[in-house]
Amino acid sequence: MPATPGAEPPSDCALCSRLAAFRAANRAAEPDWFNGAVPSFGDPQARLLIVGLAPGLRGANRTGRPFTGDYAGDLLYDTLATYGFSSGSYDRAPDDGLRLTGCMVTNAVRCVPPENKPVGAEIAACRPFLAARIAALPELREIVTLGKIAHDSTVRALGGRLKDHPFGHGARTELAGLAIMSSYHCSRYNTNTGRLTPEMFAGIFAAVREALDRAS
Ligand code: URA
């Protein structure tokens, strides 16, 4: 790995052998899918960064855009539109014309993991890209982390200690000059089980919108 990695890994990143092998198997089974390290999506002048877990197999791994093509994206992009972070409409495809405004979406782990579960070494191997992604956003003020893995990796990427910045839905903390707000992940599992309701999710973005408007 280079001493200072860029904000985006190469599509065929080889840092994690298990993830590279899974990508290769998916490419053999579904040659028309993206099947690569999924790049971040959004506005280079973002004031808000959303950090997800990892590409979904039939979502971002298929389409090549974070949260695009699965249920989690329906809720995320709908909520971003409600709070003025996008223009155009989300239609589950990278060519749907959706644009994020003042906002960027990325993942703590850029390659699809088996069973949606990256292991600790994979999360750590991908963290320099997350750190570089954050560092490359000159206007960044707020980060929303979706789920504990994304939250913990973001705190570590910023040099923080987890015990000083614990995950909790709606918990807000400050680190390295940035505000971090954690949320339960907007997965279908979490919404089906009632752990996260669309109203709870909206509450996170309402708070972030208000903070950004207050700061500007
Ligand atoms: N799609 C993504 O890109 N990230 C997630 O965390 C879930 C679905």
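Both counts, for ligands and for their atoms, begin at 1 and track the order of listing.
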Review point. Are the charged groups of D12 and R23 less than 4.0 angstrom apart, N to O?
Key: no

Review point. Does the distance from a Lys or Arg side-chain N to an Asp or Glu carboxylate O, for R47 and E142, drop under 4.0 Å?
Key: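 No salt bridge links R47 with E142.
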
Point to revise | Nearest-option assignment for atom 2 (C) of ligand 1, heavy atoms, candidates G59, A54, G52 | key: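 Selected option, by shortest heavy-atom distance: A54.
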
Practice item. With heavy atoms of P66 as the reference, note each atom of ligand 1 found under 4.0 Å away. Key: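 Near P66, meaning under 4.0 Å from one of its heavy atoms, ligand 1 has 3 (O).
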
Point to revise | Per-atom contacts of ligand 1 with A60, taking only distances under 4.0 Å to non-hydrogen atoms | key: 3 (O)

Review point. Is any N or O atom of F67, backbone or side chain, closer than 3.5 Å to an N or O atom of ligand 1?
Key: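 In this structure, F67 places an N or O atom under 3.5 Å from an N or O of ligand 1.
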
Review point. If you measure every N/O of A72 against every N/O of ligand 1, is any gap under 3.5 Å?
Key: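 No, A72 has no N/O under 3.5 Å of an N/O on ligand 1.
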
Exercise for review: Indicate the atoms forming the closest heavy-atom contact of H185 with A72, along with that distance.
Suggested key: CE1-CB, 4.2 Å

Practice item. Grab the two heavy atoms, one from A207 and one from M181, that are nearest each other, plus how far apart they are. Key: CB-CE, 3.8 Å

Practice item. Determine whether the side chain, the backbone, both or neither of D70 has a heavy atom under 4.0 Å from any heavy atom of ligand 1. Key: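 Near ligand 1, D70 shows its side chain, while the N, CA, C and O stay back.
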
**Study point:** N107, portion touching ligand 1 at heavy-atom distance under 4.0 Å
**Key:** side chain

Check your understanding: Using 30° and 60° as the class limits, which term best fits the ring planes of Y184 and H169: parallel, tilted or perpendicular?
Key ->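 Geometry flag for H169 against Y184: parallel rings.
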
Check your understanding: Is there a heavy atom of R65 sitting under 4.0 angstrom from any atom of ligand 1?
Key -> no

Practice item. May I ask you to establish whether R209 and Y83 are in a cation-pi arrangement, using a distance under 6.0 Å from NZ or CZ to the six-membered ring centre and at most 45° from the ring axis? Key: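 The answer is no, since R209 fails at least one limit relative to Y83.
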
